[in-house]
Protein chains: 2
Amino acid sequence: MRNSQWSPGSTALLPAVAVDLVVFTLIEGRLQVRLATRDEEPFAGVLALPGGFVRSDENLDEAAAREFVEETGLARLRTHLEQLRSYGDVARDPRGRAFSVAYLVLAPGVPDPVPGTEPARSRWLPIEAALASRLAFDHAAILRDGLDRVRGKLEYSSLATAFCPAEFTVAELRVVYEAVWGRPLDPRNFHRKITGTPGLLVETGRARREGPGRPATLYRAGLVNTLNPPLTRD
Amino acid sequence: MRNSQWSPGSTALLPAVAVDLVVFTLIEGRLQVRLATRDEEPFAGVLALPGGFVRSDENLDEAAAREFVEETGLARLRTHLEQLRSYGDVARDPRGRAFSVAYLVLAPGVPDPVPGTEPARSRWLPIEAALASRLAFDHAAILRDGLDRVRGKLEYSSLATAFCPAEFTVAELRVVYEAVWGRPLDPRNFHRKITGTPGLLVETGRARREGPGRPATLYRAGLVNTLNPPLTRD
DNA sequence: ATAATAGTGTCTTTTAGACAATATCAC
DNA sequence: GTGATATTGTCTAAAAGACACTATTAT
């Protein structure tokens, strides 16, 4: 593609700009990240974050949303999408100078895997396995930054609700925290803390009966999205 | 400049990539930001953040550091520099597609202004004045984001020490918080909180006598840079 | 009835914030 | 001395975290 805006006389560097996505979801109570096996050089056969080049007629957020749909095949509905940070080291792409704007994406309601299905080119990987895998380019650093962001943001925001379906129980929300932080939380203190923050959750009036035990109240995410005082990881 | 890495057959968009700097300092106990009057179109005569294009042989952090020195004339020593976020809306630059990676820069020890000096093309502006001014491109949004970042990060980090000289008193550090947050803090509770976080500050053994009153102990920034539990703004 | 999960109450420890009291200086 | 700033101590209210207890279901 010819560059139609910046004249050859300009002093500006003209690199490629891509978006890369750190897409998290919860499957079977465990935090999972979306990775795809590359089928082209460089890094053919190596796992990489989903992503692609930004087009000339789209904003960064739009490029991230488009790549999310293209690469995961999931519906854009109810996904949380926020910019993470940018990566632009001179040598990060052996093909030449390339910038990447990374996005953090949280996708709720991903279908459970069908047992016996062979792993496709693009698939979900538990976070521990992803961190231990070799990733293409600087994607290991990007994944690390995305994980740090989501872990930190659960402390002081309602971000955890982005992992849940439209209606959810306090226990489901607690499982999100436990999966992301990798440690158990006291269900009773968690319940008091979450329901005690005005506006964070809205009762639907209905309840869900799931196996034995008292039915759990169903909530929707409220308009308040700051958790003050915060939940602490320690 | 010819683009030497991405062939014309590539599908990648080739835009210009710049760094823009939100440079804060404290002058006369007030938070100030560095702005320059543009002398070229577009936005000739309008205030803008310092910044410039990334060169082909430098990383993003290096470009930010270089632009800081070039545009402010200040020494790079003891400045804090961290990436803020990136901006890439299709229409953000009327000359064509352009991305900007914004950086937050904290510069300590800026000399007090000489009264009677006419304002130069590049100068410090109190934050309230800067927020009320018309800024070029999307620089008002970038400034806003930079201010939010520094305000938020004072709560849970040692970032405020980046506004101070190498050795400073607890009162100097408190003035930083008061200037950035725009509200007074109780000197006694602040002192107890800051000095009670192990590793955050290191006593130099010396003290500073400044006018009347008991001399203040001089500290250096310690190795710990997380404030736990945090200071709250409310 | 029993086991399981949801939700409330109670207690102890920690922290925030208000503010009294003391320490050490310039004048 | 007086006035100013630094630093420590004390008190109260709020919150965290541990955990007993009650509520409501499936079996």
Side-chain angles (χ1 to χ4, degrees), chain A residues 29 154-157 160 164 167-179 181 183-220 224 226-234, chain B residues 29 154-157 160 164-165 167-179 181-220 224 226-234:
Chain A
L154 288 203
E155 291 195 0
Y156 60 90
S157 81
C164 296
E167 299 190 350
F168 54 89
T169 67
V170 174
E172 284 178 302
L173 195 63
R174 177 170 47 81
V175 167
V176 172
Y177 275 87
E178 294 176 331
W181 285 351
R183 70 176 189 86
L185 297 176
D186 185 294
R188 300 159 291 186
N189 291 335
F190 181 84
H191 190 285
R192 188 159 32 81
K193 180 96 183 193
I194 289 291
T195 58
T197 303
L200 192 75
L201 301 186
V202 180
E203 277 196 52
T204 62
R206 264 161 303 128
R208 172 184 299 166
R209 113 192 58 257
E210 183 91 35
R214 176 172 167 175
T217 306
L218 278 169
Y219 294 89
R220 286 180 293 102
V224 172
T226 57
L227 207 47
N228 197 310
L231 269 162
T232 48
R233 267 183 290 179
D234 284 325
Chain B
L154 288 204
E155 291 195 0
Y156 60 89
S157 81
C164 296
E167 297 190 351
F168 54 89
T169 67
V170 173
E172 285 178 300
L173 195 63
R174 177 170 46 80
V175 167
V176 172
Y177 275 87
E178 293 176 332
W181 285 351
R183 71 176 189 88
L185 297 176
D186 184 294
R188 299 159 292 185
N189 291 335
F190 181 84
H191 191 284
R192 188 158 33 80
K193 182 97 180 191
I194 289 291
T195 58
T197 303
L200 193 76
L201 300 185
V202 179
E203 279 196 50
T204 64
R206 263 161 305 126
R208 172 184 299 167
R209 110 193 62 256
E210 182 89 34
R214 177 171 165 176
T217 306
L218 278 169
Y219 295 89
R220 286 179 294 102
V224 172
T226 57
L227 207 47
N228 197 309
L231 269 161
T232 48
R233 267 184 290 180
D234 285 323

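Chain letters run A, B, ... following the sequence lines, proteins first, then strands; residues in each count from 1. All values below were derived from every heavy atom in this structure, side-chain atoms included, with hydrogens, water molecules and symmetry-related copies excluded.
The shortest distance between the side-chain N/O atoms of A/Thr169 and the OP1/OP2 oxygens of C/dA6 is not below 4.0 Å. An OP1 or OP2 oxygen of C/dT15 is reached within less than 4.0 angstrom by no side-chain nitrogen or oxygen of B/Thr232. Note on A/Thr195: every side-chain N or O is 4.0 Å or more away from OP1 and OP2 of C/dG7.
Of the listed nucleotides (C/dT15, C/dA21, D/dG17), C/dA21 has the atom at the smallest distance from the side chain of B/Arg188. Set against C/dC25, D/dA6, D/dA26, the side chain of B/Ala216 has D/dA6 as its closest nucleotide. Here the side chain of A/His191 is nearest to one of C/dT8, D/dT8, C/dG17, namely C/dT8. The side chain of B/Arg214 sits closest to D/dT5 out of D/dA18, D/dT5, D/dA15. For B/Pro212, the side-chain atoms get nearest to C/dA26 when compared with the rest of D/dT7, C/dA26, D/dC19. Distance from the side chain of A/Arg192 is smallest for D/dG17 among the nucleotides D/dA26, C/dA21, D/dG17.
Closest approach of B/Arg209 and B/Pro215 over heavy atoms only: NH1-CG, 3.9 Å.
Separating the CD atom of B/Glu210 from the P atom of D/dG3 is a distance of 22 Å, rounded to the nearest angstrom. Distance B/Leu218 CG to C/dT24 C1': 15 Å, rounded to the nearest Å. Between the OH atom of A/Tyr219 and the P atom of C/dA6 there is a distance of 11 Å, given to the nearest Å. The distance from atom CG of B/Asn228 to atom C1' of C/dT14 is 12 Å, rounded to the nearest whole Å. Spacing between atom CG of A/Asp186 and atom P of C/dG9 amounts to 16 Å, rounded to whole angstrom units. In this structure, B/Arg233 places its CZ atom 13 Å from P of C/dG17, rounding to the nearest Å. With rounding to whole Å, B/Glu172 atom CD is found 10 Å from D/dA6 atom P. D/dG17 atom C1' lies 15 Å from atom CZ of A/Arg174, rounded to whole Å.
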Stepwise side chain to side chain contact (heavy atoms under 4.5 Å, CB included) test for A/Leu218 and A/Thr169: CA-CA 5 Å; A/Leu218 278 169; A/Thr169 67; 4.0 Å; yes
Trace of the salt bridge (charged side-chain N to carboxylate O under 4.0 Å, His left out) decision for A/Arg206 with A/Glu167: CA-CA 10 Å; A/Arg206 264 161 303 128; A/Glu167 299 190 350; 2.9 Å; yes
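Between the side chain of B/Tyr177 and the main chain of B/Ala160, no donor-acceptor pair closer than 3.5 Å is present. With hydrogens and angles disregarded, no donor-acceptor distance shorter than 3.5 Å links the side chain of B/Arg233 to the backbone of B/Leu154.
Looking at A/Arg209, its side chain has no donor and acceptor atom pair within 3.5 Å of the base of C/dA6.
Nearer the 5' end of DNA chain D, as judged by each residue's closest nucleotide, is the contact made by A/Asn189, out of A/Gly211 and A/Asn189.
Within 4.0 Å of A/Ala171, counting heavy atoms only, lie sugar-phosphate atoms of the nucleic acid but no base atom.
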